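Notes follow once the structure below has been shown.
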Amino acid sequence: MNIEFNILKRQFKKHQLEYEEATLRVLRSGWYILGKECETFEKEFLKWSGSKYCIGLNSGLDALILALKVIGIEKGDEVIVPANTYIATVLAITNNGGIPVFVEPDEYYNIDVSKVEEAITSKTKGILAVHLYGQLCNIIELQKISIKHKLFLIEDCAQSHDAIRDGKKAGTFGNIGCFSFFPTKNLGAFGDAGAIITDDEKIADKIKMLRNYGSKVKYHNEIDGVNSRLDEMQAALLKVKLKHLEELTYERRAIANNYLNGIVNSKIKLPKINSDGKGHVFHLFVIATNERDNLQQYLADNGVRTQIHYPIPPHLAECYKELGYKKGSFPITEKLANEVLSLPLYNGMTMEEVEYVISCINKY
Ligand SMILES: *Cc1c(COP(=O)(O)O)cnc(C)c1O
């Protein structure tokens, strides 16, 4: 058997006619940027999320960059961020001139909230929380810390569409929730796309201006903006996907449950699910073992493709050399980078394929 890590065509095929209909509707409308599709997607997304405002943007990274820009992150400002995250989270800070202050992960691979307060200094402006792999971090505690220290709380929800904690969706706990709709994300577009949600009207207004050259009225540029608009095609396609997100999440959870119940191998650590475990949306199914490279090769030899999220932690990335971190600066994160392995888990994966992956792993 040959098991790819992801086959995007399978999730497309589930609702192919609806996607094709949406595409033709946009093509034939003659209106491609900032029109009805974007507006209605924003309405539907904010209704879905339970927040007051939504602004469609060009990507998840743009959502994060603009979020940090509106809260006023400038040169020299410190932002607390998990050491174990995708580099885009950190790029959002440094793109604004800010300094990332890394905090090691807990046993759920998310930021260890017990180490956040000791990272706060007089220069700290905000906390950039990440809900990694599809499970919310301890955002309740981060809310308390941010209120106590008067910090902004921004959520990177690129991997956690529809993830829940205490009955609330990811992105609705902080001042701003940032989403990516990159094709492989749980709510994926068919190209680049992103959005922010917020309950703060001022923030929403400003991001709306920023995404369109800093203007509300054409040629009246009030602030120093960018071009980061969610185009009509992606918005129309996302509306279709959003309608089916619940069923897509359900399918992901079913695959994950099979892995959780089926994988029995003393060499392998399964992902830990927090007590509000119903809320995990399994953007990735990440196992860990100190024989990671061996296991990955063995699985590849048996036709099972896996990936590593992520092999190089941001503090050791080439682009952040000047931050001065060395191997050993964040040992827990570095250990994870050597031990984690993501198994295939995607919409349209058959249970036969899932069973095959399980049997390979159990034979290892
Ligand atoms: C994908 C991702 C991003 C970036 O989103 P893009 O839409 O690809 O720019 C940011 N943070 C995390 C955690 C991600 O997984």
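Any value given below was found using the heavy atoms of this structure, including those in side chains, with hydrogens, waters and symmetry copies removed. Model, not experiment: these values are computed from the prediction. Each ligand, and each atom within it, is numbered from 1 in the order the structure gives.
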**Q.** Sequence-distant partners of Lys144, salt bridge (charged side-chain N to carboxylate O under 4.0 Å, His left out), two or more places apart
**A.** Glu141
Q) Can His283 be said to touch ligand 1, with heavy atoms closer than 4.0 Å? A) no
Q | Candidate pair Leu27 and Met233, rule side-chain contact (heavy atoms from CB on, under 4.5 Å), full reasoning | A | CA-CA 8 Å; Leu27 283 176; Met233 190 74 84; 3.8 Å; yes
Q | Heavy-atom nearest option to atom 10 (C) of ligand 1, drawn from Ala88, Ser160, Gly188, Ala193 | A | Ala88
Q: Give yes or no for whether the N/O distance cutoff of 3.5 Å, strictly under, is met between Gly60 and ligand 1.
A: yes
Q: May I have the step-by-step check of side-chain hydrogen bond (donor to acceptor under 3.5 Å, both in side chains) for Thr289 and Tyr364, ending in yes or no?
A: CA-CA 12 Å; Thr289 168; Tyr364 173 73; 5.8 Å; no
Q: Please state whether Asp156 comes within less than 4.0 angstrom of ligand 1, counting heavy atoms only.
A: yes
Q) Around Ile33, counting heavy atoms of other residues, nucleotides and ligands shown, do more than 12 lie under 6.0 Å from its CD1? A) yes
Q: Looking only at distances, please establish whether an N/O atom of ligand 1 is found under 3.5 Å from an N/O atom of Gln159.
A: yes
Q: Report yes or no: is the cationic atom of Lys169 (NZ for Lys, CZ for Arg) under 6.0 Å from the centre of the six-membered ring of Trp48, at an angle within 45° of the ring normal?
A: yes
Q: Spell out, yes or no, whether Val81 and Val70 are grouped together once hydrophobic residues are joined by side-chain heavy atoms under 4.5 Å, including indirect joins.
A: yes
Q: Please report which non-hydrogen protein atom sits nearest to atom 1 (C) of ligand 1, along with the residue it belongs to and the distance in Å to one decimal place.
A: Lys185 NZ, 1.6 Å
Q | Whether Glu4 side chain and Arg305 backbone form a donor-acceptor pair below 3.5 Å | A | no
Q: Identify, by atom number and element, the atoms of ligand 1 in contact range of Ala158, meaning under 4.0 Å from any of its heavy atoms.
A: 2 (C), 3 (C), 10 (C), 11 (N), 12 (C), 14 (C), 15 (O)
Q) Closest non-hydrogen protein atom to atom 9 (O) of ligand 1, residue and atom name please, with distance? A) Leu61 N, 2.9 Å
Q: Record the part of Ser59 in heavy-atom contact with ligand 1 below 4.0 Å; permitted values are side chain, backbone, both and neither.
A: both
